[in-house]
Q: 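I'd like to ask some things about the structure below.
Values in this document were obtained by computation on a predicted structure and should not be read as measured data.
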Amino acid sequence: MPGSMREFVKTCDVVDVHEHHMPQITLDRDVNLLRLFRQSYAAWTSDVLPSEPKATGDIISNTVQPTTWEALSPYLERSYSNAFVRNLVRGVSHLYEVGDHGITRENWEAVDAAVRAHHKDVKWPSEVIRRAGIKRIVTDSFLDPISDLRPQLGDRYTAVLRFNAFAFGWHPESLDHNGNSAHSMLARLGMEVRTFDDYCTAIRELVAGCRGRNQVALKNALAYDRDVNFDEPNEELARRAWGQLSPSAAERKAFGDFVVDLFCQLAGELDLPVQTHLGTAILKGSHPLRMAGLIERHPRTRFLLMHLAYPWSRDLLGMAFVYRNVWLDLCWSFLLSPSHFKLAFHEAIEVLPDHSRMMIGGDCVHVEESYAAIESARNLIGDVLHEKIADGYWHLRHAERLATRVLSENAAEFFGLTS
């Protein structure tokens with residue numbers, strides 16, 4: 001067992017570069033065990049696909065169903081082999097001292113009571129984050145992409161500006177898959193938009209105001225809405241979409257391509273990274289190589305590509321070697337498949353040009369799942385680094401150095417975070 005390396009990794013602080021903690025959920029006092037499952041990746045084992053709008057509706061639903069064994073059993077008895085389920089069960093078991101057997105028919109009521117009791121305590125979310133060893137969090141509050149979250153979530157948090165809705169902003173009634181309207185958000189910020197040129201000006205003001213809203217990066221999650229092949233901007237065709245409730249498919253794509261290109265241009269000018277979701281979403285359109293044109297057009301822009309682009313991790317590593325404006329966020333990939341993560345992390349260590357290129361996040365909604373995710377990441381990273389030592393690839397000092405870089409230092413430098 002790689003005991004010494006695992007133990008070292010457990011002592012390292014974490015700068016968590018990707019969560020979906022948001023006041024509506026993180027500060028909710030009405031949480032039970034069933035809700036933890038339904039608002040976690042374990043829910044993706046159901047018939048609801050992650051790319052379907054209903055998945056977002058399930059996350060933000062205000063209806064709390066009572067926990068029953070019948071509601072839990074599909075996760076614990078049918079999908080018990082799934083890594084998302086195993087991760088959440090392990091995290092809940094550790095936090096609520098359930099024991100080695102996990103959540104069972106015999107103990108679920110006691111676990112449910114403990115979850116409900118702990119969430120009545122306003123300090124519980126912070127306590128879970130403390131136990132996880134997380135000192136800073138970059139969160140994507142996709143329910144409200146433009147708000148400064150510090151007054152509600154605290155100084156531990158910084159945020160990103162998810163710009164999906166703006167790629168659909170050709171009409172005030174156009175929404176992204178989370179139900180966000182670009183026009184509504186701009187109006188909240190006091191920006192009046194009547195023309196296409198007004199819209200472009202407003203986007204420039206929006207991005208310029210990011211740091212004032214405690215937003216340290218932009219976020220492109222359009223893989224849930226459309227293909228991530230962003231063509232060269234065609235302003236003439238993009239303008240034709242403006243003001244139409246139902247533009248043609250070509251006009252919609254041109255509008256989105258133009259807006260995404262504008263955001264990436266501004267990110268380069270203002271030195272804001274662009275987080276980008278790749279891999280599982282609308283699967284046929286989310287291959288990382290579809291991003292190559294956008295990355296090449298914006299060499300000054302730092303792209304943080306996410307999730308190891310599963311199932312195309314090797315292609316992503318090739319891109320990160322060739323394009324020196326690409327960094328990797330390993331988030332979520334270790335939740336989906338721990339064994340695949342270990343293989344890809346081994347290769348990433350060997351392929352990437354320097355030790356600054358990787359960082360981690362939990363990519364979760366509830367703090368319990370974030371706790372479990374970071375715990376899993378620590379163990380897997382420790383295992384791989386130990387294997388590298390055992391194989392003679394490097395010495396202990398190299399492994400420890402990379403551990404601290406991946407877990408905290410890279411992220412702090414990349415996002416300009418201070419302790």
Side-chain angles (χ1 to χ4, degrees), residues 18-28 30-31 35 38-41 43-44 46-65 139-149 152-153 159-191 193 199 202-203 206-207 210 213 215 217-228 241-247 249 251-253 255-257 259-260 263 274-277 280-283 285-286 306 332 363-366:
H18 191 69
E19 295 290 358
H20 292 291
H21 297 174
M22 45 196 119
Q24 302 94 317
I25 295 175
T26 303
L27 304 181
D28 188 3
D30 191 10
V31 179
R35 191 160 215 192
R38 288 185 170 173
Q39 293 182 324
S40 76
Y41 289 112
W44 286 13
S46 72
D47 293 331
V48 177
L49 299 176
S51 57
E52 293 179 346
K54 186 176 183 297
T56 299
D58 289 344
I59 287 178
I60 65 177
S61 172
N62 291 322
T63 303
V64 181
Q65 300 293 333
T139 190
D140 171 13
S141 179
F142 56 76
L143 299 182
D144 189 2
I146 62 170
S147 288
D148 184 345
L149 301 175
Q152 293 167 287
L153 294 182
V160 300
L161 169 64
R162 183 187 283 226
F163 59 70
N164 284 39
F166 294 90
F168 291 85
W170 52 75
H171 190 277
E173 295 182 23
S174 300
L175 309 175
D176 67 10
H177 78 282
N178 292 129
N180 291 314
S181 162
H183 290 257
S184 295
M185 287 189 278
L186 293 174
R188 282 174 51 199
L189 294 173
M191 300 183 196
V193 174
Y199 190 69
I203 287 174
L206 176 74
V207 176
C210 277
R213 295 187 301 272
Q215 293 175 322
L218 307 182
K219 171 69 180 291
N220 176 354
L222 283 161
Y224 285 108
D225 288 296
R226 50 155 287 176
D227 192 305
V228 299
W242 183 257
Q244 294 191 59
L245 185 59
S246 299
E251 290 166 343
R252 291 196 302 271
K253 176 170 170 40
F255 187 93
D257 292 349
V259 167
V260 169
F263 271 105
V274 180
Q275 291 182 327
T276 303
H277 177 103
T280 54
I282 301 176
L283 198 60
S286 56
M306 308 175 76
W332 183 82
D363 195 11
C364 305
V365 170
H366 276 290

Q: For a quick test of reading the model, state the closest non-hydrogen atom pair linking L143 to P145 and the distance between them.
A: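 Nearest pair, atom of L143 first, then P145: C-CD, 3.9 Å.
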Q: Checking R162 against N178: is there a side-chain donor and acceptor pair closer than 3.5 Å?
A: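 Looking only at side-chain atoms, R162 and N178 do form a donor-acceptor pair, the distance falling under 3.5 Å.
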Q: Kindly compute the distance separating OG (S181) from CZ (F166), expressed to the nearest 0.5 Å.
A: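 These two atoms lie 8.5 Å from each other.
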Q: Examine distances only and state if a side-chain atom of S46 and a backbone atom of A43 form a donor-acceptor pair shorter than 3.5 Å.
A: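 Indeed, once roles are kept as given, a pair shorter than 3.5 Å links the two residues.
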Q: Any side-chain heavy atom of V259 within less than 4.5 Å of one from Y199?
A: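 In short, these two side chains touch, coming nearer than 4.5 Å.
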Q: If every non-hydrogen atom of A223 is compared with every non-hydrogen atom of A281, which pair is closest and at what distance?
A: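 For A223 versus A281, the nearest heavy atoms are O-CB, 3.3 Å.
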Q: Measure the CD-OG distance between Q215 and S141 for me, rounded to the nearest 0.5 Å.
A: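 The CD atom of Q215 sits 9.5 Å away from the OG atom of S141.
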Q: What are the two closest heavy atoms between L186 and A202, and how far apart are they?
A: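 That would be CD1-CB, 3.9 Å.
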Q: What's the separation between atom CG in L153 and atom CD in E19, rounded to the nearest 0.5 Å?
A: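 With rounding to 0.5 Å, CG (L153) is 11.5 Å from CD (E19).
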Q: Would you say the side chain of W242 lies within less than 4.5 Å of the side chain of H171, judging by non-hydrogen atoms?
A: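 H171 vs W242: side chains apart.
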Q: Check the angle between the aromatic planes of F255 and W170 and answer parallel, tilted or perpendicular using the 30° and 60° thresholds.
A: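 It falls in the perpendicular class, over 60°.
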Q: Would you please name every residue forming a side-chain contact (heavy atoms from CB on, under 4.5 Å) with S147, sequence neighbours left out?
A: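 Per chain and number, S147 pairs via side-chain contact (heavy atoms from CB on, under 4.5 Å) with D144, L149, R188.
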Q: Answer yes or no: is there a donor N or O on one side and an acceptor on the other, between the side chain of N164 and the main chain of A221, under 3.5 Å?
A: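 Such a contact is found between N164 side chain and A221 backbone.
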Q: Nearest 0.5 Å, what's the CD-NE2 distance between E173 and H183?
A: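 The distance works out to 10.0 Å.
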Q: If we only count heavy atoms from C-beta on, is the T280 to S286 side-chain gap below 4.5 Å?
A: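 Sidechains of S286 and T280: no contact.
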Q: Is there a donor-acceptor pair closer than 3.5 Å between any side-chain N or O of T139 and the backbone N or O of H21?
A: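 Side chain of T139 to backbone of H21: a pair is present.
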Q: For the pair F263 and F163, name the ring-plane relationship: parallel under 30°, tilted 30 to 60°, perpendicular over 60°.
A: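 Parallel: the ring planes of F263 and F163 meet at under 30°.
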Q: Is the shortest side-chain heavy-atom distance between D225 and F168 below 4.5 Å?
A: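 Contact flag for D225/F168 side chains = yes.
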Q: Step by step, would you call K253 with D227 a salt bridge (Lys or Arg N to Asp or Glu O under 4.0 Å)?
A: CA-CA 9 Å; K253 176 170 170 40; D227 192 305; 6.0 Å; no
Q: Report yes if the side chains of L206 and L161 come closer than 4.5 Å at any heavy-atom pair, otherwise no.
A: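 Heavy-atom side-chain distance check passes, below 4.5 Å.
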Q: Less than 4.5 Å apart, side chain to side chain, heavy atoms only: is that true for V365 and S40?
A: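 No. Closest side-chain heavy atoms not under 4.5 Å.
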Q: Side chains of H277 and Y224: closer than 4.5 Å at any heavy-atom pair?
A: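 Touching, per the 4.5 Å side-chain cut-off.
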Q: In chain order, what residues pass the side-chain contact (heavy atoms from CB on, under 4.5 Å) check against A167, with sequence neighbours excluded?
A: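 Here the qualifying residues are L222, V260.
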Q: Any chance you could measure Q152, atom CD, to T26, atom OG1, to the nearest 0.5 Å?
A: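 One gets 10.0 Å once the value is rounded to the nearest 0.5 Å.
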Q: Taking atom types as modelled, find out whether Y41 and D363 have a side-chain donor-acceptor pair closer than 3.5 angstrom.
A: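 Yes, because at least one side-chain N or O of Y41 sits under 3.5 Å from a partner of the opposite role on D363.
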Q: Taking the side chain as every heavy atom from C-beta outward, state whether H366 and I25 have any atom pair closer than 4.5 Å.
A: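 Side-chain contact under 4.5 Å: yes.
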Q: Applying ring-ring contact (aromatic ring centres under 6.0 Å, His included), name anything that partners H20, two or more places apart in sequence or on another chain.
A: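 Counting only residues at least two positions away or on another chain, H20 forms a ring-ring contact (aromatic ring centres under 6.0 Å, His included) with H18, F142.
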Q: Any ion pair linking D176 and R226 (charged N to carboxylate O, less than 4.0 Å)?
A: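 Answer for the salt bridge query: no.
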